[in-house]
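Here the structure is laid out as structure tokens; the discussion comes afterwards.
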Amino acid sequence: MKSKEGVVEKLEKHKIYWGSAIFIAVSLAGTAVAEDTGIGETVIQLAYSLDTFYFLMSGALVMWMAAGFTMLESGLVRAKNTVEILTKNVALYAIACIMYMIVGYNIMYGDGVNGLIPGFSFFLGADNTVDEVLKSGGDTYYSNMSDFFFQVVFVATAMSIVSGAVAERMKLWSFLLFAVVMTGLIYPVQGYWKWGGGFLDGLGFLDFAGSGVVHLCGASAALAGVILLGARRGKYIKGRIKAIPGSNLPLATLGTFILWLGWFGFNGGSELKISNIEEANAVAMIFVNTNTAAAGGLVAALLLARAWFGKADLTMALNGALAGLVAITAEPLTPSPLLATIVGAIGGLIVVVAIIFIDKAKIDDPVGALSVHGVVGIWGLLAVAFTHPEGSVVAQLIGVVAIFSWCFATSFIVWLVIKSVIGVRVSEEEEMEGVDVAECGLAAYPEFTKD
Amino acid sequence: MKSKEGVVEKLEKHKIYWGSAIFIAVSLAGTAVAEDTGIGETVIQLAYSLDTFYFLMSGALVMWMAAGFTMLESGLVRAKNTVEILTKNVALYAIACIMYMIVGYNIMYGDGVNGLIPGFSFFLGADNTVDEVLKSGGDTYYSNMSDFFFQVVFVATAMSIVSGAVAERMKLWSFLLFAVVMTGLIYPVQGYWKWGGGFLDGLGFLDFAGSGVVHLCGASAALAGVILLGARRGKYIKGRIKAIPGSNLPLATLGTFILWLGWFGFNGGSELKISNIEEANAVAMIFVNTNTAAAGGLVAALLLARAWFGKADLTMALNGALAGLVAITAEPLTPSPLLATIVGAIGGLIVVVAIIFIDKAKIDDPVGALSVHGVVGIWGLLAVAFTHPEGSVVAQLIGVVAIFSWCFATSFIVWLVIKSVIGVRVSEEEEMEGVDVAECGLAAYPEFTKD
Amino acid sequence: MKSKEGVVEKLEKHKIYWGSAIFIAVSLAGTAVAEDTGIGETVIQLAYSLDTFYFLMSGALVMWMAAGFTMLESGLVRAKNTVEILTKNVALYAIACIMYMIVGYNIMYGDGVNGLIPGFSFFLGADNTVDEVLKSGGDTYYSNMSDFFFQVVFVATAMSIVSGAVAERMKLWSFLLFAVVMTGLIYPVQGYWKWGGGFLDGLGFLDFAGSGVVHLCGASAALAGVILLGARRGKYIKGRIKAIPGSNLPLATLGTFILWLGWFGFNGGSELKISNIEEANAVAMIFVNTNTAAAGGLVAALLLARAWFGKADLTMALNGALAGLVAITAEPLTPSPLLATIVGAIGGLIVVVAIIFIDKAKIDDPVGALSVHGVVGIWGLLAVAFTHPEGSVVAQLIGVVAIFSWCFATSFIVWLVIKSVIGVRVSEEEEMEGVDVAECGLAAYPEFTKD
């Protein structure tokens with residue numbers, strides 16, 4: 001998603017400042033048709049409606065990604081920890097929606113104090129009036145509420161990334177408390193730096209739909225939590241790494257498909273406009289590139305896993321697809337479909353290596369979220385330097401460092417405070433028994449499991 | 001969804017009767033441009049296409065809710081009764097589509113005899129011709145077939161509510177027979193009273209997208225069935241209430257997410273128009289309020305369950321989200337997002353209390369449908385009196401009484417007739433063994449269950 | 001989906017060649033408003049954007065069908081073969097996307113040598129420029145990239161049909177190798193014959209959205225594979241047919257709902273345009289007919305199964321819905337909704353008979369794909385002769401023979417080559433143990449199964 005400045009610049013660059021075009025057209029018409037701007041205004045209204053509808057459909061697709069993360073994570077944990085991960089996921093989505101409405105959106109998109117420090121106010125303002133839109137000649141081209149809807153599902157996505165990495169051992173209420181701070185403050189501040197027009201945007205850091213602002217942000221917060229939490233019991237014993245298989249791989253596969261589908265809204269909607277030829281072409285290109293990057297990531301991860309482990313590893317294939325999606329998210333518009341496939345495929349290779357490496361480093365990430373969203377998020381940001389004419393390795397690196405530092409440090413502090421007050425990890429007994437019974441009083445599959 | 005009268009009134013009130021605006025614009029333009037209405041007509045065509053497309057996408061989202069109910073219900077019943085609930089759900093959707101096409105749609109939206117008695121005719125009429133649309137100056141602004149599609153998925157939703165409440169003990173074919181009458185007659189008649197312009201609409205009863213017409217209607221029919229059926233064997237023994245846990249909570253969670261997503265079409269599409277600035281803003285506001293009401297309901301139910309039972313009860317959280325959605329459905333447009341969150345949160349509190357209370361009353365509702373759609377449906381209707389400037393407690397109460405009385409009484413009679421002819425309850429042996437084998441000859445999970 | 005010629009002809013027939021209408025309108029306006037075509041051009045841009053957006057949303061729905069096939073198939077196989085079918089499905093989708101981008105799309109829609117032999121070139125060309133669109137006066141009315149996106153998900157659908165029929169016994173890598181040829185060559189060539197403007201289109205063969213080009217094509221390729229593979233071990237013993245029940249029927253039901261939803265994009269998007277009244281009405285009619293044909297197929301199959309086997313067979317009901325969808329796909333626009341219901345219902349009856357018959361013929365198709373997509377695909381093509389004013393039994397039969405012959409013969413050869421080089425069937429031990437462990441090194445449900 002581009003900052004508002006970015007949109008204006010791009011439109012000016014292309015000399016098709018659409019609103020102005022209408023305005024000029026209407027003005028010229030006015031000369032001949034004597035103060036009749038009726039059709040011109042109706043056309044502005046129609047374009048506003050189409051862009052708003054496009055925003056809402058895109059947002060709905062991104063909302064659906066919450067279900068994707070939920071299915072993915074619940075398929076990759078053990079049966080005894082499934083209800084808790086389900087509960088965390090539905091609750092974090094709800095918390096994200098409420099916190100972002102109360103304060104997060106205003107922090108991210110309000111008037112900042114300066115490029116580093118955002119503003120602060122509560123609740124949502126009024127939507128555009130008809131007069132405002134018509135007077136803007138089409139510069140104001142979609143409903144503010146549709147913008148909020150599109151933005152709020154993004155913060156939920158960032159938070160969803162965290163839940164997988166800390167699965168099977170973190171206390172539910174500690175996690176939800178963290179979600180309040182993450183979605184109300186941590187995410188919005190760094191979002192302001194880029195998409196709210198803050199210092200990262202000023203530096204030329206490019207992040208179209210959020211390889212950094214969403215995915216690296218979520219992964220950085222997750223890493224802080226994972227470090228404080230430690231590994232699941234039985235994961236690393238006497239230097240040996242024990243594989244803990246997921247309990248329901250069809251669910252994990254379904255989750256991946258949901259995420260893939262939702263990503264068309266995530267990247268496609270981040271063009272922010274569809275109502276003229278150039279913008280429509282751009283959105284279409286983004287759909288194609290998003291799809292093919294995922295395909296590239298999947299095939300690359302599947303082949304590498306086959307070569308490395310001798311098996312067609314489904315979980316690696318799924319993570320490969322997600323890696324392709326994360327990788328292309330920083331710039332899904334400028335590459336050709338072939339280049340997008342390659343960017344995604346490199347993401348797919350990286351994610352396999354990262355998962356193995358992070359596991360060897362005894363950083364226990366049950367679903368591979370740190371690799372998919374963190375390591376590949378960085379790859380996606382760096383790839384922009386090679387796929388976008390204005391991409392700069394330096395600016396991209398500054399963005400990576402800024403987002404990681406902010407999200408990791410603040411998250412670490414918040415987790416630490418929570419740990420010292422109510423604790424972050426369930427007891428050994430609860431972990432052995434499964435967190436479902438301890439935290440939720442329910443079993444996910446009471447008739448299936450063999451205990 | 002507003003009745004056609006309602007739409008007109010609203011537009012007149014706002015002095016932006018869009019169709020007329022175009023018409024005037026075209027007329028004025030005509031003065032100068034000499035009988036050239038080409039662009040004006042093209043704009044009318046475009047707006048018609050956008051509104052039709054918006055209707056179709058909304059309808060597709062509501063159709064998806066059928067999958068949501070199916071997953072929710074199949075996750076909340078025992079494994080041995082899963083195939084039957086799946087079969088009921090897919091079959092009721094199909095029956096609803098056919099019956100509503102044959103006769104239901106005409107009952108609901110045809111010319112009625114009077115405000116109480118609807119008309120009666122068969123099959124669908126022709127769609128608007130190009131001439132009709134252009135001559136209307138944009139007053140006829142979407143395809144009749146898209147309207148039918150949007151409406152038909154609503155009746156399926158109402159019927160889906162019933163299947164959950166009577167699960168695990170009702171005969172499959174008795175249920176499907178009831179579905180024929182419910183979707184062909186019972187639902188359409190009370191739908192006519194409000195959305196077809198009947199007496200409830202005349203009285204000022206407000207029900208934007210169907211907290212009453214859809215959700216209370218379905219729950220009232222379900223209650224009649226539940227009373228006639230009695231509780232599942234083993235549910236209430238010697239005054240004690242036995243909890244019967246659902247067999248697959250990831251499915252139930254998936255179902256809730258599907259319903260949440262589909263509700264954007266359910267409420268968002270019920271604005272009926274998106275093609276000008278005011279309507280686009282309205283649809284966007286509805287998306288935001290629908291989402292945040294669900295979030296409020298989920299958080300409130302989760303917290304109340306935690307305080308009451310000491311656990312983070314996932315099924316209560318899911319029902320809380322659904323309660324928030326049902327609560328906001330009667331009026332998702334006029335409240336601010338904060339107020340919508342509160343309306344949803346109150347729904348979430350109510351649903352927890354209602355589920356416990358209804359269970360204590362020994363009314364056996366395996367999925368909580370009576371609470372979510374019935375009790376909270378009433379709350380949603382009453383809340384309109386406080387969130388809509390023209391809401392009236394009296395009119396809302398009349399609506400509640402009328403819809404409940406009609407749906408409960410007619411359903412009770414129909415169930416009674418079915419009971420006397422072919423019976424409504426499976427035999428004791430079949431219930432013990434599970435209805436899947438008896439009714440469907442299949443097991444849902446033949447390799448997983450422990451028997 | 002109509003060929004480009006088809007679209008032009010239809011528009012000319014209806015005398016509402018929309019682009020020209022705009023062009024004329026703009027020209028006339030120009031007379032009075034002195035070289036001001038600003039609004040006219042803006043309207044062309046808006047229509048282009050709406051049609052592109054409609055294409056992208058339709059394509060996203062069809063992409064979602066890949067998840068539908070995956071869930072359907074993984075629910076209908078045994079637990080021990082689930083990971084492998086999941087892996088095949090995600091990988092075939094990715095392969096289809098890449099191969100069709102590299103070469104398939106150009107074969108299908110490039111300039112052919114003649115009506116039989118398509119052209120050959122690599123990768124995607126540039127999208128339409130603003131100038132090209134405006135100069136075309138609206139004849140060029142959507143983004144090329146959106147067209148590619150819509151087309152690429154179709155080839156994935158065709159390939160998804162194959163995976164189910166050869167499930168539980170085909171080697172994973174042999175299958176994926178076949179997918180490369182199928183999606184890069186076999187599907188595109190016969191696609192060219194009809195939708196690319198080749199000889200079948202010239203002969204008057206009608207196939208609106210692909211009962212033949214997609215479904216029969218996929219089923220023919222599958223049949224070749226099934227014949228070469230042979231039946232699963234234990235399926236046919238001493239002349240007796242053993243039923244092998246699916247392991248997870250909620251997944252199969254979810255898959256069917258996903259396919260049903262996605263089909264609105266599949267058929268609805270194949271109208272290729274929505275931006276005027278006639279086209280919007282057409283898309284709406286297609287949605288209604290697609291939905292009701294599925295409903296008809298489901299009810300018919302459920303009733304026939306009840307009459308024949310004495311049980312409400314869920315898997316037959318699901319296949320009945322899919323059969324209704326396949327049957328209406330060849331012509332979802334011209335029938336009335338009642339006729340569409342009947343076309344679907346006949347499809348539902350046929351599929352039950354076909355599944356039993358094919359099983360008796362000892363052709364082992366674990367998911368019924370040959371019946372649903374092949375036998376009912378042929379029914380759908382023949383039904384066009386009775387539901388479309390220009391339908392011809394002869395032309396439809398020629399299409400059936402051409403598509404079947406090409407797809408079956410080439411597939412047979414490719415499977416044969418693969419068989420001779422690396423083999424197509426897993427070993428007896430691997431099949432007994434389950435292909436999941438052998439091929440993927442993972443279990444789908446490690447904690448549930450009773451082994």
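Reminder, nothing fancy here: chain letters follow the sequence lines and each chain counts from 1.
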What part of [X] lies closer than 4.5 angstrom to a heavy atom of chain A: side chain, backbone, both or neither?
X: Leu86(C); result: both
X: Leu442(C); result: side chain
X: Val437(C); result: backbone
X: Leu176(C); result: side chain
X: Ala66(C); result: both
X: Leu254(C); result: side chain
X: Tyr93(C); result: side chain
X: Val152(C); result: side chain
X: Phe53(C); result: both

Under 4.5 Å from a heavy atom of chain C, the part of [X] involved:
X: Leu314(A); result: both
X: Trp263(A); result: neither
X: Met285(A); result: both
X: Leu50(A); result: side chain
X: Leu251(A); result: neither
X: Thr341(A); result: side chain

Is there a donor-acceptor pair closer than 3.5 Å between any side-chain N or O of [X] and the backbone N or O of [Y]?
X: Ser49(C); Y: Ile274(A); value: yes
X: Ser146(C); Y: Ser143(C); value: yes
X: Asn128(C); Y: Tyr142(C); value: yes
X: Glu168(C); Y: Arg78(C); value: yes

message = I want to check a possible cation-pi pair here: Lys273(C) against Tyr141(C), using under 6.0 Å from ring centre and within 45° of the ring axis as the test.
response = yes

request  = Begin with the C-alpha distance, continue with both residues' side-chain angles, and end with the deciding distance and a verdict on side chain to side chain contact (heavy atoms under 4.5 Å, CB included) for Gln45(C) and Leu134(C).
outcome  = CA-CA 8 Å; Gln45(C) 299 225 13; Leu134(C) 294 180; 4.3 Å; yes

query = Where does the angle between the aromatic ring planes of Phe257(C) and Trp260(C) fall among parallel (under 30°), tilted (30 to 60°) and perpendicular (over 60°)?
reply = parallel

ask   = If you measure only the distance, is there a donor-acceptor pair under 3.5 Å linking the side chains of Asp313(A) and Thr315(A)?
value = yes

Phe55(C) ring center within less than 6.0 Å of Phe149(C) ring center = no

